[in-house]
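One structure is given here, and the rest of the page talks about it.
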Amino acid sequence: MADLEGNLDAHNYGLDTPQVTGAFPIKGASSLDFGMKHRLARIFKEDGKTVMLAFDHGYFQGPTSGLERVDLGIVPLAPHVDALMGTRGIFRSVIPANSDNAVVLRASAGPSILKELSNEGIGVDISDAVRIDAAAIAVQVFVGGEYETQSVLNLTQQIDAGMEVGIPVLGVTAVGKELTRDARYLRLATRMIAELGAQIVKTYYCEEDFETVTASCPVPIIMAGGKKLPAKDALTMAYNAISQGASGVDMGRNIFQRLAPIAMVQAVSGVVHDGLNPQQALEKYLDLSKGAQD
Ligand code: 5RP
């Protein structure tokens, strides 16, 4: 405790300088508490955008292509992204605790790919999200799915738990095979997730009217990559999503299933944070990968 000796008289009151609380660059977050904002600011950088690497796929589909060895396929990518989205099992067993990435923790769970994927429940107690130092927790929401209401209540339960401890929730749009991934559906799903209180929403891109999806969602939307596409198409999709209002990307397969994942994640980051257009980003990928063709 500071002692009383040498305690200098205060005198610099800045009387001619009113206190200003800077604008918070993350969409819809201005009214949140400091802790929520501080965690969100670990995910979204000063430009209000994020490059998140998703490798949580194993929680329902096991060691999918590119994730056979997370220590080999994901850890080398960590220095090039802002946030890592994964399961607590992988964070604790594989991800170096001294990585400075924001931790986004998969917090819903249930069926494998052998069963009905929408039949999820709560997969992680909020106390373990605190323990693992999560900057956010992720919950799948199956709007239009067989267990739609159950997944919505998973989301709201985790939002309530997150509010208790100041951890934001990332609501993840899961589109059932029988549903059409168009703007009408994505507007419905993303707006529901935001209305229910999620601080971040993840969804897929759609070619038509994606800007209406981002415009009608009052919190940041980040784009999931979906199945692997040719590099140029994946980079174009990311560029279009950012151009139409997305606050970043949360990509997995289009990065870790690439011939040159480290090159790809740097090209994606160039789109999100450096304003590269698709051609410039592709050239970056080809240059860094020494001509990978995939
Ligand atoms: C599946 C997920 C993934 O996090 C999400 O789909 C992003 O991964 P990809 O870019 O491979 O689609 O929610 O667990």
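Each ligand, and each atom within it, is numbered from 1 in the order the structure gives.
Considering only non-hydrogen protein atoms, atom 8 (O) of ligand 1 sits nearest to His57 NE2, 3.2 Å. Looking only at heavy atoms of the protein, atom 1 (C) of ligand 1 is closest to Phe60 CE2, 3.9 Å. Among protein heavy atoms, atom 5 (C) of ligand 1 sits closest to Lys202 NZ, 3.1 Å. Annotation: atom 6 (O) of ligand 1 to nearest protein heavy atom, Tyr204 OH, 3.1 Å. Among protein heavy atoms, atom 14 (O) of ligand 1 sits closest to Asp56 OD2, 3.2 Å.
An N or O contact shorter than 3.5 Å links Gly225 to ligand 1 by distance. The shortest N/O to N/O separation between Gly252 and ligand 1 falls below 3.5 Å. Taking only nitrogen or oxygen atoms, main chain and side chain alike, Arg253 reaches within less than 3.5 Å of ligand 1.
Listed by number with element, the atoms of ligand 1 under 4.0 Å from a non-hydrogen atom of Met251 are 10 (O). For ligand 1, the atoms closer than 4.0 angstrom to any heavy atom of Asp250 are 7 (C), 10 (O). In the vicinity of Ala54, heavy-atom distances shorter than 4.0 Å reach the ligand 1 atoms 4 (O), 7 (C), 8 (O). Interface of Met85 with ligand 1, defined as ligand atoms under 4.0 Å from a residue heavy atom, comprises 4 (O). Interface of Arg106 with ligand 1, defined as ligand atoms under 4.0 Å from a residue heavy atom, comprises 2 (C), 13 (O), 14 (O). Atoms of ligand 1 found under 4.0 Å from any heavy atom of Gln140 (numbered from 1 in listed order, with element): 13 (O).
Remark: Met52 CE to Ile43 CD1 distance equals 5.0 Å, nearest 0.5 Å. Once rounded to the nearest 0.5 Å, the distance linking CZ of Phe256 with CE of Met251 reads 10.5 Å.
Evaluated for a side-chain contact (heavy atoms from CB on, under 4.5 Å) with Val249, the options Asn254, Val272, Val81, Ile222 yield exactly one hit, Val272. Each of Thr87, Ile95, Val94 was checked for a side-chain contact (heavy atoms from CB on, under 4.5 Å) with Phe91, and the lone residue meeting it is Ile95. Tested against Gln140 for a side chain to side chain donor-acceptor pair (under 3.5 Å), the candidates Arg106, Glu120, Lys202 yield a single pass: Arg106.
Contact annotation for Phe55 and ligand 1: no heavy atom of the residue comes within less than 4.0 Å of the ligand.
Across all their heavy atoms, Ala194 and Pro218 have their closest contact at CB-CD, 3.7 Å. Glu116 approaches Pro111 most closely through the heavy-atom pair O-CG, 3.0 Å.
Residue Lys227 places no heavy atom under 4.0 Å from ligand 1. Residue contacts with ligand 1 include Val172, since one of its heavy atoms falls under 4.0 Å from the ligand. In this structure, Tyr59 has a heavy atom closer than 4.0 Å to ligand 1.
If you check the side chains of Glu146 and Asn119, you find no donor sitting under 3.5 Å from an acceptor.
Contact of the Thr173 side chain with the Val143 side chain is not registered, since no non-hydrogen atoms from C-beta on lie closer than 4.5 Å.
Proximity of a side-chain donor or acceptor of Gln244 to a complementary backbone N or O of Glu211 within less than 3.5 Å is detected. Of the possible donor and acceptor atoms, none in the side chain of Asp274 sits under 3.5 Å from a partner among the backbone N and O of Leu276.
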